[in-house]
Amino acid sequence: MNKGFLVTFEGGEGCGKSTQIKLFTEFLKKNKFRFVVSREPGGTPVCEEIRKVLLSSKSEITSKAEFLLFSSARAQHVAEVVKPSLEQGKVVILDRFYDSSFAYQGYAGNLEVKEIEEITKFAIDGCVPDLTIIFDISYEDGIKRKNADVNLKTLDRIESKGESYHNKVRAGYLQIAHDNPDRVVVLDATKTKEEIFEEVQDIFLERFNLKIQKIRKNLNEKIRNKNI
Ligand code: TYD
């Protein structure tokens, strides 16, 4: 078990992840946690190059090719940023991680979940999140929020995939939460940002303290076994 804490923020378009990540990092700073914040696809120079291809390509990309590009960026990001930071005992906050691939390329893009699982296992090298928060919002409400922020013309390749695709993304996220009740928490993203952040903070502190207790227990067991 690594000494760090990996928390991933997930959700559909316009779910308010970025605002919550900002509030969360301010909270960590104020409370003197050591942390890094990063995003997928991205987080390293090579991954940012792959991000450009994925989000701005004018050509069609098949679900398989799309998923492999996300996965190759993920493998690089894990090796360069996520794993070393966890080993140093830091809190690692990720704006999207492999659940995005399950929701977008799997449940919405029609790739087999089994195939995604195998390649993801290869890419993440054991870095499973300690906590994943899904910010749940309907496509309509998410797009409304996004339009209030930016001009519709700036939607990227994936954002422009239309309502039925994004409804499947949402359903996919809810399925992921249902299948991983110990790791994943779903929050109602239509509440106010203050209300949502209260919930984020409470869940994080509860899970973080649980992990600390587990690490201590493991350590005590190791010491006890050595004494025998
Ligand atoms: P980004 O601008 O970061 O979107 P957002 O602000 O909504 O997080 O773009 C990331 C896009 O890539 C987003 O539409 C989701 C998509 N994506 C996948 O389809 N699969 C993945 O594995 C990841 C990490 C992202």
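For ligands, and for the atoms within them, numbers begin at 1 and follow the listed sequence.
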Minimum non-hydrogen distance to [atom], winning option of [options]:
atom	options	answer
atom 16 (C) of ligand 1	I158, V169, D99, I21	I158
atom 2 (O) of ligand 1	R51, H166, E40, E159	R51
atom 5 (P) of ligand 1	K17, E10, R157	K17

What is the nearest protein non-hydrogen atom to [atom], stated with its residue, atom name and distance?
atom	answer
atom 20 (N) of ligand 1	Q105 OE1, 2.8 Å
atom 9 (O) of ligand 1	L55 CD1, 3.6 Å
atom 22 (O) of ligand 1	S101 OG, 2.6 Å
atom 17 (N) of ligand 1	F70 CZ, 3.3 Å
atom 7 (O) of ligand 1	R96 NH2, 3.0 Å
atom 14 (O) of ligand 1	E13 OE2, 3.1 Å

Query raised in the report: Hey, are R207 and D130 close enough for a salt bridge, meaning a charged N less than 4.0 Å from a carboxylate O?
Result: no

Query raised in the report: Is the shortest distance from a Lys or Arg side-chain nitrogen in K191 or E198 to a carboxylate oxygen in the other one below 4.0 Å?
Result: no

Query raised in the report: Do the side chains of I176 and E10 get nearer than 4.5 Å, heavy atoms only?
Result: no

**Report entry** Side-chain heavy atoms of F102 within contact of F67, under 4.5 Å
**Finding:** no

**Report entry** Over all atoms of both residues, closest heavy-atom pair of S100 and R96
**Finding:** OG-NH1, 3.1 Å

Report summary line: Scanning both residues in full, the closest heavy-atom pair of F97 with R74 reads O-NH2, 3.6 Å

Report task. Please state whether R74 comes within less than 4.0 angstrom of ligand 1, counting heavy atoms only. Result -> yes

Query raised in the report: Among all residues two or more places apart in sequence or in another chain, which pass the ring pair (Phe, Tyr, Trp, His ring centres under 6.0 Å) test with F208?
Result: F5, F33, F204

